[in-house]
**Student:** 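I have a structure I would like to understand better, so I am pasting it below and will then ask my questions one at a time.
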Amino acid sequence: MLQLLMHCINEPCFDTLRTKKQLGYLFPCVAAICNALLLLIYRYDVFCTDHDTFGIVGASLTLSTHGSKYSVEYACGCIDQFFEDFLNILSSWTESDFHSHVDSLLQRKLEPDICLEEEVSRNWTEILFQFYQFDRLGKEVEVLRHVTQKGLVEWYQRHILPNPTHRRLTIKVVSHYTTTAVLDAGEKMLESSVDSPVAILLKEEDMEAFKQECPLYPRGEKGGD
């Protein structure tokens with residue numbers, strides 16, 4: 001159900017927040033060092049995606065924009081308004097509109113593996129996370145074929161829109177660095193191994209200790225979907 005919702009919501013999300021609201025346009029997001037050269041990696045950041053992390057299922061909407069043009073409060077307000085407006089969009093779809101999204105997702109799941117690596121990766125993931133649902137795609141396809149528009153609307157109201165049992169985590173990162181500052185920091189990274197103000201550099205021998213400090217959450221039940 002969550003995968004179908006993310007498939008349905010991605011295009012309206014991009015159209016509303018990026019095209020109409022002018023949020024999330026091109027910006028430098030990462031300064032990387034490659035062969036002694038400083039590289040600025042640019043990307044557009046307005047998208048929705050679903051997650052299944054060790055059996056914990058969730059969804060996220062990522063929006064990055066210029067702090068000098070829009071405040072964090074304004075960006076969060078636009079996101080909240082979009083979630084409310086999408087309920088009307090979803091409810092107003094015709095049966096044909098809804099089934100076009102379902103069929104599109106079904107087609108993706110029914111596509112045969114292009115190479116052996118894809119099949120190995122999918123099956124190895126089941127082993128790695130100890131789910132062992134090697135027929136997962138088949139089960140997901142069967143569920144999708146029985147999803148109704150009414151059921152998706154009710155699910156959206158219950159799990160996405162605010163309600164007494166609703167919980168939402170909002171992470172706000174406010175940058176105080178301009179493009180020039182990022183470039184200056186990158187040059188310092190080239191000249192010195194001292195941590196820069198825009199990145200935490202971990203040496204290889206420190207990685208294991210860093211992992212041990214990170215919190216872990218209970219793994220989902222084995223065999224769960």
Side-chain angles (χ1 to χ4, degrees), residues 1-15 43-63 79 82-83 86-87 89-171 207-208 211-212 214-225:
M1 189 73 81
L2 185 59
Q3 290 180 17
L4 177 59
L5 177 61
M6 292 298 101
H7 189 273
C8 294
I9 206 174
N10 248 316
E11 184 177 345
C13 171
F14 188 87
D15 178 61
R43 68 180 179 186
Y44 299 101
D45 249 353
V46 178
F47 61 89
C48 298
T49 186
D50 60 279
H51 309 273
D52 185 349
T53 308
F54 296 100
I56 300 175
V57 179
S60 64
L61 188 156
T62 300
L63 168 63
I79 292 174
F82 167 73
F83 280 132
F86 182 73
L87 177 62
I89 296 174
L90 184 60
S91 302
S92 66
W93 279 350
T94 65
E95 186 175 346
S96 176
D97 292 334
F98 174 74
H99 283 293
S100 68
H101 286 280
V102 175
D103 292 341
S104 176
L105 186 56
L106 282 173
Q107 185 176 356
R108 282 172 45 189
K109 292 184 176 295
L110 292 172
E111 287 180 352
D113 295 318
I114 298 177
C115 58
L116 181 60
E117 182 181 2
E118 287 188 3
E119 183 178 4
V120 171
S121 177
R122 184 177 65 255
N123 290 328
W124 186 249
T125 299
E126 296 291 338
I127 296 172
L128 181 65
F129 294 127
Q130 301 181 22
F131 289 136
Y132 310 116
Q133 294 289 321
F134 301 109
D135 58 345
R136 180 183 300 275
L137 285 177
K139 291 182 176 179
E140 289 178 349
V141 166
E142 190 62 27
V143 171
L144 278 173
R145 284 174 171 162
H146 292 87
V147 173
T148 64
Q149 183 176 358
K150 180 182 178 181
L152 184 60
V153 169
E154 292 175 349
W155 192 93
Y156 182 81
Q157 291 175 309
R158 185 165 62 252
H159 295 287
I160 304 299
L161 294 183
N163 62 69
T165 61
H166 176 267
R167 295 292 183 274
R168 181 189 298 177
L169 172 65
T170 302
I171 301 175
M207 186 59 70
E208 214 40 59
K211 289 181 180 179
Q212 295 297 324
C214 295
L216 297 177
Y217 294 91
R219 188 191 302 274
E221 294 185 7
K222 298 179 182 179
D225 292 333

**Student:** Taking Y156 for its side chain and F83 for its backbone only, find out whether a donor-acceptor pair lies under 3.5 Å.
**Tutor:**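 Such a contact is found between Y156 side chain and F83 backbone.
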**Student:** So with a 6.0 Å cut-off around CD1 of I127, is the heavy-atom count from everything else above 12?
**Tutor:**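 Count over threshold, so yes.
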**Student:** Between CE of M6 and CD of Q3, what distance do you get to the nearest 0.5 Å?
**Tutor:**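 Rounded to the nearest 0.5 Å, the CE-CD separation comes out at 10.5 Å.
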**Student:** Only one of K139, E140, E126 passes side-chain hydrogen bond (donor to acceptor under 3.5 Å, both in side chains) with Q133; say which it is.
**Tutor:**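 Running side-chain hydrogen bond (donor to acceptor under 3.5 Å, both in side chains) over K139, E140, E126 with Q133 returns exactly one hit, K139.
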**Student:** Got a list of side-chain donor-acceptor pairs under 3.5 Å for residues 98-107, not counting sequence neighbours?
**Tutor:**
from, atom 1, to, atom 2, distance (Å)
S100, OG, D97, O, 2.5
S104, OG, H7, NE2, 3.2

**Student:** Using a 4.5 Å cut-off on heavy atoms from C-beta on, say whether the side chain of C8 contacts that of F86.
**Tutor:**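 Of all side-chain heavy-atom pairs linking C8 with F86, at least one is under 4.5 Å.
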**Student:** Is it true that a side-chain atom of Q157 and a backbone atom of L87 form a donor plus acceptor pair closer than 3.5 Å?
**Tutor:**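 Between the backbone of L87 and the side chain of Q157 there is no qualifying donor-acceptor contact (under 3.5 Å).
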**Student:** Between L61 and F82, what is the shortest heavy-atom contact and its length?
**Tutor:**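 What the structure gives for the nearest pair is CD1-CD2, 4.3 Å.
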**Student:** Identify the residue among L152, V143, L144 that makes a side-chain contact (heavy atoms from CB on, under 4.5 Å) with M1.
**Tutor:**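 Testing M1 for a side-chain contact (heavy atoms from CB on, under 4.5 Å) against L152, V143, L144 leaves exactly one candidate, L152.
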**Student:** Between N10 (side chain) and C48 (backbone), is there a donor-acceptor pair under 3.5 Å?
**Tutor:**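 Yes, the answer is positive, given that a donor and an acceptor are paired below the 3.5 Å cut-off.
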**Student:** If you take all heavy atoms of E118 and D113, which pair is closest and at what distance?
**Tutor:**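 Result for this residue pair: OE1-CA, 3.5 Å.
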**Student:** Can you confirm whether W155 sits close enough to V147 that some side-chain heavy atom of one is under 4.5 Å from a side-chain heavy atom of the other?
**Tutor:**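 They are not in contact (no side-chain heavy atoms under 4.5 Å apart), so the answer is no.
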**Student:** Could you walk me through whether I160 and I9 pass the side-chain contact (heavy atoms from CB on, under 4.5 Å) test, one step at a time?
**Tutor:** CA-CA 12 Å; I160 304 299; I9 206 174; 5.9 Å; no
**Student:** Find out whether F134 and R122 are in side-chain contact, i.e. whether some heavy atom of one side chain is under 4.5 Å from a heavy atom of the other.
**Tutor:**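 No, every pair of side-chain atoms sits at 4.5 Å or beyond.
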**Student:** Using side chain to side chain donor-acceptor pair (under 3.5 Å) as the criterion, list what pairs up with D15, not counting sequence neighbours.
**Tutor:**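 Checked D15 against side chain to side chain donor-acceptor pair (under 3.5 Å); matches are K20.
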**Student:** Between L2 and G58, which heavy-atom pair has the shortest distance, and what is it?
**Tutor:**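 Reported closest heavy-atom pair: CD2-O, 3.2 Å.
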**Student:** Between atom CG of L5 and atom CG of D50, what is the distance when rounded to the nearest 0.5 Å?
**Tutor:**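 It is 9.0 Å, given to the nearest 0.5 Å.
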